[in-house]
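This report refers to the structure that appears directly beneath it.
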Protein chains: 2
Amino acid sequence: MTTSCRNCPLRRRALFDPIESDELDFMQRFKSGELSVDADTLLMMEGSNSPQLFTVLSGMGLRYKTLPNGRRQVVNFVFPGDFLGLQAGVMNEMKHSVEATTSMTLCVFNRSELWNLFKNHPGRAYDLVWLASLEEHFLGDALTAVGQRDALERISWSFHRIYIRMTELGLVTGQGCQLPYRQQDLADALGLSLVHTNKTLKKLRDMQVASWNEGRLTVSDLDRLAELAMVDDHHVETRPLI
Amino acid sequence: MTTSCRNCPLRRRALFDPIESDELDFMQRFKSGELSVDADTLLMMEGSNSPQLFTVLSGMGLRYKTLPNGRRQVVNFVFPGDFLGLQAGVMNEMKHSVEATTSMTLCVFNRSELWNLFKNHPGRAYDLVWLASLEEHFLGDALTAVGQRDALERISWSFHRIYIRMTELGLVTGQGCQLPYRQQDLADALGLSLVHTNKTLKKLRDMQVASWNEGRLTVSDLDRLAELAMVDDHHVETRPLI
DNA sequence: TGTTGCTATGTCATAGTTTAATGCGTGATT
DNA sequence: AATCACGCATTAAACTATGACATAGCAACA
């Protein structure tokens, strides 16, 4: 039994822009089904095409690139509301892989319907550009983090970013949220070694700012975390949900 | 006297996708003028809005972000054919600054016309998503370079990337091309210190692979450069020109 | 009870940073 | 035309944040 777009639990969140009723009907027709996958499933592979586009309904994942020498760059963590496969949608080739970290449920759209979207639903096309721009913005920030911040700042930055996003999704309970990744994933996202990531996490824990144990991130001092992360822009922006 | 879209010197390059005649007419109407700026002009500022969108006709520039502590991340080098201001176009705010490094000429489009583009020219809207995806792809690659490669590999990667792009633009003469940036710009792009960038450039020069002097990049061994950069994908992709 | 995957921690090595000093060309000032 | 100031490239030396290697603990699982 699939979720109808009209009752989409994500869309209730203030994080996502409201949408007009007739557009919602279109989204419903655009949606070709729902997919549930187990943890560790490879959803899309770098270099290959993808006949489908997804919106994440629940669960978490990873986007990453692999280098010829075997090193891996985690490009992004994937959360509910994220749209997957746009690159393949327009360029016919994924430039990174996407993997499920937990079990996930995904809204499935047919790539062949994409042109119809552009032709008859300019508002949705606009939203796609918006989403792509958001991604561009995020990657610019990530590049800045890896290029200009030291280890403690980088980890603080990523925790802050994740915590804010999880808050917007209503997934924060108490002072924390689930964060089901391995330390190696975070290390690969931030361009740090596993060992140094571990040591820096300990430092952050000892400083009583944030701790990450058994798949749960706990933030005890958000202001201090933001300060360490050198983020001053706490501005929450809404985003489209496709 | 402005260049007409029909005679656009860029569009002749095989790098850019061909476009249909009536769409070209629309582009001509969409274009509100042409702008020439001196070197070191700030074109867009991080955090502010921009009423205009640009396509670079000639000249080179930089996109960058600044951190509260004063450090700077160069997010991208700007070359002819690049489209500027899409972020502000959809999100009402630039997330990075754009600066002219040399004098530049720019095609100017009116942001207020953007909605018309989406509504009546789905092909152009599709191109915008394409361009945004290209940018996302580039930033993912850059993140991978900064996160996973050492100094020599990073510089090789950036030189390779630049050299290929300049080749596609027809701006390579002999074995080299103009590259009018400072070492500090490259350092800020790659997350390296100026001093180490300088030392690594010397190394690359001593290895007889590539040298960068007086604003000119010379590549004497492209294969070796690609090898050092760990790029195997020499595949040249065409892109839309807006 | 061994194996596997992940976290944790100590020690040592090193790639890269910081600071500082030098030189060189260019444009401004007298 | 001489001098100065400034921006940029270059190089050397001292320092340090981070990486590499090694080892151990612990939980899940066959």
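Residue numbering restarts at 1 for every chain, and letters A, B, ... go by the order of the sequence lines.
Between B:Gln183 and the options B:Asp188, B:Asn198, B:Thr197, a side-chain hydrogen bond (donor to acceptor under 3.5 Å, both in side chains) holds for only B:Asn198. The one candidate from A:Leu222, A:Asp221, A:Asp223 that meets the side chain to side chain contact (heavy atoms under 4.5 Å, CB included) condition with A:Leu225 is A:Leu222.
Seen from the ring of A:Phe16, A:Arg11 does not count as a face-on cation partner, given the 6.0 Å and 45° thresholds.
The interatomic distance linking B:Leu192 (CG) with C:dT14 (P) rounds to 20 Å, in whole Å. In this structure, NE2 of B:His196 is placed 17 Å from P of C:dT19, rounded to the nearest angstrom. Taking atom CD on A:Gln184 and atom C1' on C:dA8, their separation rounds to 14 Å, with Å as the unit. The CG-P distance, from B:Asp40 to D:dG7, rounds to 12 Å in whole Å. Atom CZ in B:Arg149 sits roughly 19 Å away from atom C1' in D:dG19 (whole-Å rounding). Counting to the nearest Å, the C1' atom of D:dA20 and the CG atom of A:Leu194 are 12 Å from each other. Note: CG (A:Asp150) to P (D:dC15) measures 21 Å, nearest angstrom. The CG atom of B:Asp185 sits 13 Å away from the C1' atom of D:dG7 (whole-angstrom rounding).
At least one side-chain heavy atom of B:Val56 sits under 4.5 Å from a side-chain heavy atom of B:Val78. Taking the side chain as every heavy atom from C-beta outward, A:Arg149 and A:Trp157 approach each other to under 4.5 Å.
The aromatic rings of A:Phe79 and A:Tyr181 lie perpendicular to each other, with more than 60° between the two planes, well past the 30° mark.
Sorted by residue number, the members of residues 198-216 of chain B with any non-hydrogen atom under 4.0 Å from DNA chain C read B:Lys199.
Along DNA chain D, the nucleotide closest to B:Tyr181 and the one closest to A:Ser193 are compared, and the more 5′ of them pairs with B:Tyr181.
At D:dT10, one or more side-chain N or O atoms of B:Gln183 fall inside 4.0 Å of OP1 or OP2 (strictly under the cut-off).
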